[in-house]
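Please read the structure below before turning to the comments.
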Number of protein chains: 2
Amino acid sequence: MASPTDKSAPRLRRKTDSVTMQDVARLAGCATSTVSLFLRKPDLVKGKTGAKITAAIERLGYVPNMMAGGLAAAAATRVVSLIVPSLRNAFFAATADALQAALAQAGVQLLLGHNEYDPAREEALVRASLAWSPAALVLTGLEHSRGTRQMALSRGTPVIEMWELGANPLDMLVGFDHRAVGAAAARHLRAAGCKNVAFIGARLQEDRRAAQRGSGVIAALQQEGASARQAIAPQPASVALGEALLGELLERDPKIDGVVCSNDWIALGVLFECQKRGIAVPERLKIIGFGDLPFAAATYPALSTIRPPGERIGQEVARLALAALNGETVAQKTVDVGFELVRRGTS
Amino acid sequence: MASPTDKSAPRLRRKTDSVTMQDVARLAGCATSTVSLFLRKPDLVKGKTGAKITAAIERLGYVPNMMAGGLAAAAATRVVSLIVPSLRNAFFAATADALQAALAQAGVQLLLGHNEYDPAREEALVRASLAWSPAALVLTGLEHSRGTRQMALSRGTPVIEMWELGANPLDMLVGFDHRAVGAAAARHLRAAGCKNVAFIGARLQEDRRAAQRGSGVIAALQQEGASARQAIAPQPASVALGEALLGELLERDPKIDGVVCSNDWIALGVLFECQKRGIAVPERLKIIGFGDLPFAAATYPALSTIRPPGERIGQEVARLALAALNGETVAQKTVDVGFELVRRGTS
DNA sequence: CCGCAAAATCGTAGCGCTACGATTCCGGGA
DNA sequence: TCCCGGAATCGTAGCGCTACGATTTTGCGG
């Protein structure tokens, strides 16, 4: 049988007008494969040819098409996908910022999504991300839906979880121990002389890391044989919530003289509430927050807090992602970036 | 001449093990093109076939390959590229957050980059972004390098600039008038009784929008025949900088009784400095900031400020981007999202 | 000068999907 | 029962690039 469709009328496909590698090759007087080679491994192409190619690229304003490249190479997709709970959260913004900066240097793009602490939405984002077969998938925390875990694992995509440390990571992990943060804060206040330390937290159901800090506080206090109070609320952390929760706490127990806050926003609210009530800080009440947000050093008195290395996390994640992209295997799959207690005026 | 390479040893290409549309088609007992059609326009496929395809997709855990799709379609790339100055800046974080949320609903991914207010880096990011032939390119502000303008324009990619209003946009524009913001703030303080209003600004060379707000303040004051003072510094806005600049200002002119700040961080510093110096706010000195950042409503007294609709910008940008993706042309290429003066305790 | 291995370069088969013309199916007059 | 037109499907040619074996140049010792 003759070829089924041999009518020589070539199909009319909206031939894109964009400059392709073929155009570059033609102008440079070489094969497309040489251009491709030059773009990926310049050393393997002779200087003169390389110069002609460079000139052609320059003259034509050629921009390689990543779609085509990604399709053909399948392995070396130069994208990394990042999923965080929220960008409005300064912690994740800092990490995303540092990650993007580090990736950009290596010519890798960042695909970004946020899930508002909703596992279902995370799953949807993971599914969508994987459609781009990223070189690495970066997730926040260790808690994911079954579907997420399965998708992330079944494909060969390297997965990096971050901002938390714990058992059973999917693959690579960059973070620090939030229980240790809580414990350190509690012990710090005790060492500073507090007899009645309390923990104030927000949104603990959804923000697992804040919950871990809280349980670290409680555990440390109990270990020292001290009483452990807490005031928690389901809504997102905010200054106003800090104000309200301190009020509630003092109502229940006026002897409170030390407060560990689940983050600096809460701590700022506590500090403001103290100002309003005329409670002397740190003499009468000591405060420690978490985050070392931009205002922490400037409040009056300056806020003691614990500084999480948000940027460092971004950098470490970038390092691991880039290693994965280059096919290298890292020896240390878990990176503990630690944290730092910053003692200032409120403690 | 016989075909040049007819040795029947088929080239060994790392055939990816992933599930392809072909697998789905085979399992569903139809052609790949039908699967593709179903995925894009379900109504054109009969219910029974659709059900079989859905089942097959489900059973195989099929995830479409966007690279391939993007290559084949060229038009309907489901990515939007966003470039902001910095993610650590809450304004842009809010916009990115809202934009991503709106795009995700339409199954569109966000490619993100930040350039730290550096036009050269912006150009590099634009070049890298275009390699993904995004459905739209979103840039911050109206000031771009020549290369950026050229690249953005020469390709057919729709461009959306944001967070600013002004002449000669590249294409679409979503923002508000920063000079008007400055003028509104200045007039507000004047109306509240201030005789000597000053502007405190940071990083005005790089942050064009802050500079516009400043010139709006000055212009409004001069228009009213009032004196116009200002204190500016090249470093990024921070609480500490606000404290320092208020000190400097009072040194030069103790009669200052109203301060317009280039943003809320500066304003917070001014407020703290007043507390330290025992200056009564708002009786002796009135303050107004910009941004309505999370702490603004909670300071004591609560900070008067101007609220920029950061999320609204993200939503409008998403609307325009989605329209562009669907090939629709929007009548109104420029969207003024306005702003809102929030009067609180400091004015 | 020749021969040969190493260095450069080339040619082409896909990567997985979509567009689009071609083909088949189906239901309702005539 | 046959015919016909619209509704469903199908088949296949690329999209632009990279991998990789094949081919051509080059450099140099003999």
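Throughout, protein chains are lettered first and strands after them, A, B, ... in sequence-line order, and every chain is numbered starting at 1.
Between A:L39 atom CG and D:dG16 atom P there is a gap of 16 Å when expressed in whole angstrom units. Between the CD1 atom of B:I57 and the P atom of C:dG16 there is a distance of 16 Å, rounded to whole Å. Going from atom NZ of B:K48 over to atom P of C:dC26 covers 8 Å, rounded to whole Å. To the nearest angstrom, P of D:dA19 lies 10 Å from CE of A:M21. Going from atom CD1 of A:I53 over to atom P of C:dA8 covers 13 Å, rounded to whole Å. For the pair B:L37 CG and D:dA7 P, the interatomic distance rounds to 14 Å; values are reported in whole Å. The interatomic distance linking A:W132 (CH2) with C:dC15 (C1') rounds to 15 Å, in whole Å. Whole-Å rounding puts the A:R78 CZ to D:dT18 P distance at 11 Å.
No hydrogens or angles were tested; on distance alone, a donor-acceptor pair under 3.5 Å links the side chain of B:S33 to the base of D:dG11.
Distances shorter than 4.0 Å separate none of the side-chain N or O atoms of B:T20 from OP1 or OP2 on C:dG16. Of the side-chain N and O atoms in B:T34, none sit less than 4.0 angstrom from OP1 or OP2 of D:dT9. Using a 4.0 Å cut-off, some side-chain N or O of B:R40 falls inside it from OP1 or OP2 of C:dA19.
Closest to the B:S18 side chain, of the nucleotides C:dG16, D:dG16, C:dC10, is C:dG16. In the set D:dG16, C:dT9, C:dG16, the nucleotide with an atom closest to the side chain of B:N65 is C:dG16. Which of C:dC17, C:dG16, D:dC10 sits closest to the side chain of B:Y62 comes down to C:dC17. Among the nucleotides C:dG14, D:dC15, D:dT9, the one closest to any side-chain atom of A:A72 is C:dG14.
Shown here for B:W132 and A:Q109, the closest heavy-atom pair between the two residues is NE1-CG, 3.3 Å.
Here the CG-CG distance, from B:L322 to B:N326, works out to 6.0 Å after rounding to the nearest 0.5 Å. The distance from atom OG1 of B:T95 to atom CD of B:Q315, rounded to the nearest 0.5 Å, is 9.5 Å. With values rounded to the nearest 0.5 angstrom, A:T148 atom OG1 is found 13.0 Å from A:R121 atom CZ.
Place B:K46 and B:A68 on DNA chain D by their nearest nucleotides, and B:K46 ends up nearer the 5' end.
Ion pairing of B:E116 with B:R88 is present here, as a side-chain N (NZ or NE/NH1/NH2) and a carboxylate O approach within less than 4.0 Å.
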